[in-house]
Amino acid sequence: MSELHSDTGSSDAAWVNPLRDPHDKRLPRIAGPSGMVIFGVTGDLARRKLLPAIYDLANRGLLPAGFTLIGYGRREWSKAEFENYVLEAVQLGARTKFRENVWERLAEGMHFVTGNFDDDAAFDNLAATLSEMDRERGTGGNWAYYLSVPPDYFSDVCHQLERSGMAEAAGGSWRRVIIEKPFGNDQKSARRLNEIVNSVFPEEAVFRIDHYLGKETVQNIMALRFANQIFDPLWNAHYVDHVQITMAEDIGLGGRAGYYDGIGAARDVIQNHLIQLLALVAMEEPIAFSPTELQTEKIKVLRATRPVYPLSKTTARGQYTAGWQGSTFVKGLREEEGFDPKSTTETFAACTLEISSRRWAGVPFYLRTGKRLGRRVTEIALVFKEAPHQPFGERMTSALGNNAVVIRVQPDEGVLMRFGSKVPGSTMEVRDVNMDFSYSEAFTEESPEAYERLILDALLDESSLFPTNEEVELSWEILDPILDYWEEHGLPDEYAAGTWGPDSADQMLNRAGRTWRRP
Ligand code: BG6
């Protein structure tokens, strides 16, 4: 331990060894002896997110001395080749400074095991490697298995882990499995996957990743709501007119056809990220800030959530066609590499949900997500009702909109309140102004990457930020009727790249006398 955290040769003056300072807040957050096996380590996610996050954790002094990283895959890689691959990923994606001594210690604990997901001999070899590491590096039999593989392989990998004895924790050690989305295609398939995973690992050993929950601003929803007094009295159907949850991206889907074609925006983003955001915004206060209490409240609100009908009027979907994204002319989805030229996959999805509870009765929750939209922004806006009485005449308030609280998840993280204020001058004129809290101005601390937080939480057995099997199945239950309806009713509408989605999305709100925010 002391060796790992000694900081010889560091070029980063800001780094302080947490073990030298008993008051360092990082102390309870340093993972105990453990290692991780990544299945699908050559995939895009591992390269872009997981490997850099592991390095960043090591660099922040949050991994144990003997932390061991094992890659499993088809390539015939030596230890050195694997190290080179990880190094490249770290140099491209890490958020913290590169420090030779940290890298060298991390690299010592790296190994690669070659094999397919149905290969008994390769899994036996992996099991032998884990035992060897336990003896040599003091990993203590504590292993996290990261399944960064398509769900079709979950069953093979879980059964191999079981068969080779790797799923079972002996004498006080632990074995956990971390699973990436997509977790199913609908409620039925999600249930089936849960059955497979839970037949090998008990639910408390399963960590399903929804990386939005690892975002600092998403965790702040709970702080904002439950650590303060000023918001809660307004956080209900008496004052809130509607809620808009937007996750807009400007990127297209070139290179992601294999995953995305046939999946679409609703399964990719609404089922997981947006419904989780809805749960955090709408749930009741948990009786304590603990995983069980949090999950209890999320499950309760998800059980009360359903689509608003008729779906022909309350949902919209679209597919981007060629258009101007800023100053660049970009292709439409059907011309993107790897996509079926007749693809009917939606790249924009919007729906209206309602929550049957005293707090939210009658308040529509509008959710939308899309690729190749005007700009990248994720935000949750609570739009308030108009004041019941206005002493000012119409002319004086013509520039006054509805009050709003906007949680800006990314980029430009913060919280904004919009309200009316008198315009300076000799007349009484009220206009919207913004009061803005911005993370970058308020804090000197930087936000860790979501994957850093989540990987560390899984190693620490802290499950608050991981959706349970029930939450996943409930989210599908909410979405399935909409997916079925779309399946039966024609094709997605078109929208030009760089715009804010199809006209049908605007009509969906206009019908109710509302408009989408243009963030
Ligand atoms: C992933 C989706 O879960 O989230 C992607 O599969 C999407 O399609 C990504 O681009 C967005 O994540 P972030 O953190 O960049 O908002």
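Order of appearance sets the numbers: ligands from 1, and atoms from 1 within every ligand.
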(message) Parallel, tilted or perpendicular, judged at 30° and 60°: which one describes the rings of Tyr260 and Phe339?
(response) perpendicular

(message) Ring-plane angle category for Phe201 and Tyr145, please: parallel below 30°, perpendicular beyond 60°, tilted otherwise.
(response) tilted

(message) Can you confirm whether more than 12 heavy atoms, excluding those of Arg192, are under 6.0 Å from its CZ atom?
(response) no

(request) Return the residue, atom name and 0.1 Å-rounded distance of the protein heavy atom closest to atom 12 (O) of ligand 1. (result) His211 NE2, 3.1 Å

(request) Tell me which protein heavy atom sits closest to atom 6 (O) of ligand 1, plus the residue, atom name and distance to 0.1 Å. (result) Asp268 OD1, 2.6 Å

(message) With a 4.0 Å cut-off on N to O distance, would you call Asp268 and Lys181 a salt bridge?
(response) yes

(request) Could you tell me whether ligand 1 has any atom less than 4.0 Å away from a heavy atom of Tyr260? (result) no

(request) Using a strict cut-off of 4.0 Å, indicate which atoms of ligand 1 neighbour a heavy atom of Met247. (result) 11 (C)

(message) Using a 4.0 Å cut-off to any heavy atom of Lys215, which atoms of ligand 1 qualify?
(response) 13 (P), 14 (O), 16 (O)

(message) Give me the residue, atom name and distance of the protein heavy atom closest to atom 9 (C) of ligand 1.
(response) Glu249 OE2, 4.0 Å

(request) Could you please spell out the steps behind the salt bridge (Lys or Arg N to Asp or Glu O under 4.0 Å) verdict for Glu249 and Lys371? (result) CA-CA 5 Å; Glu249 292 180 283; Lys371 305 280 183 195; 2.6 Å; yes

(message) I'd like to check whether Tyr212 has a polar contact with ligand 1, where a contact means an N/O of the residue lying under 3.5 Å from an N/O of the ligand.
(response) yes

(message) Between Lys298 and Glu284, does any NZ, NE, NH1 or NH2 come within less than 4.0 Å of an OD or OE carboxylate oxygen?
(response) no

(request) Assess whether atom CD of Glu446 is packed by more than 12 heavy atoms of other residues, nucleotides or ligands within 6.0 Å. (result) yes

(message) Students often mix this up, so state it plainly: with edges at 30° and 60°, are the rings of Tyr366 and Trp516 parallel, tilted or perpendicular?
(response) perpendicular

(request) Just jot down the ligand 1 atoms closer than 4.0 angstrom to any heavy atom of Gln410, in number order. (result) 13 (P), 16 (O)

(request) Measure the acute angle between the ring planes of Trp324 and Phe329, then classify it against the limits of 30° and 60° as parallel, tilted or perpendicular. (result) perpendicular

(request) Run the numbers for me: atoms of ligand 1, each under 4.0 Å from some heavy atom of Lys371, listed by number. (result) 5 (C), 7 (C), 8 (O), 10 (O)

(message) At less than 4.0 angstrom from any non-hydrogen atom of Arg256, what atoms of ligand 1 do you find?
(response) 5 (C), 6 (O), 8 (O), 10 (O)

(message) Quick check on contacts: which atoms of ligand 1 are under 4.0 angstrom from a heavy atom of Lys181?
(response) 1 (C), 2 (C), 3 (O), 6 (O)

(request) Provide the number and element of each atom of ligand 1 under 4.0 Å from a heavy atom of Arg376. (result) 15 (O)

(message) Need the ligand 1 atom indices (1-based, order shown) with element for anything under 4.0 Å from a heavy-atom of His273.
(response) 1 (C), 3 (O), 4 (O)

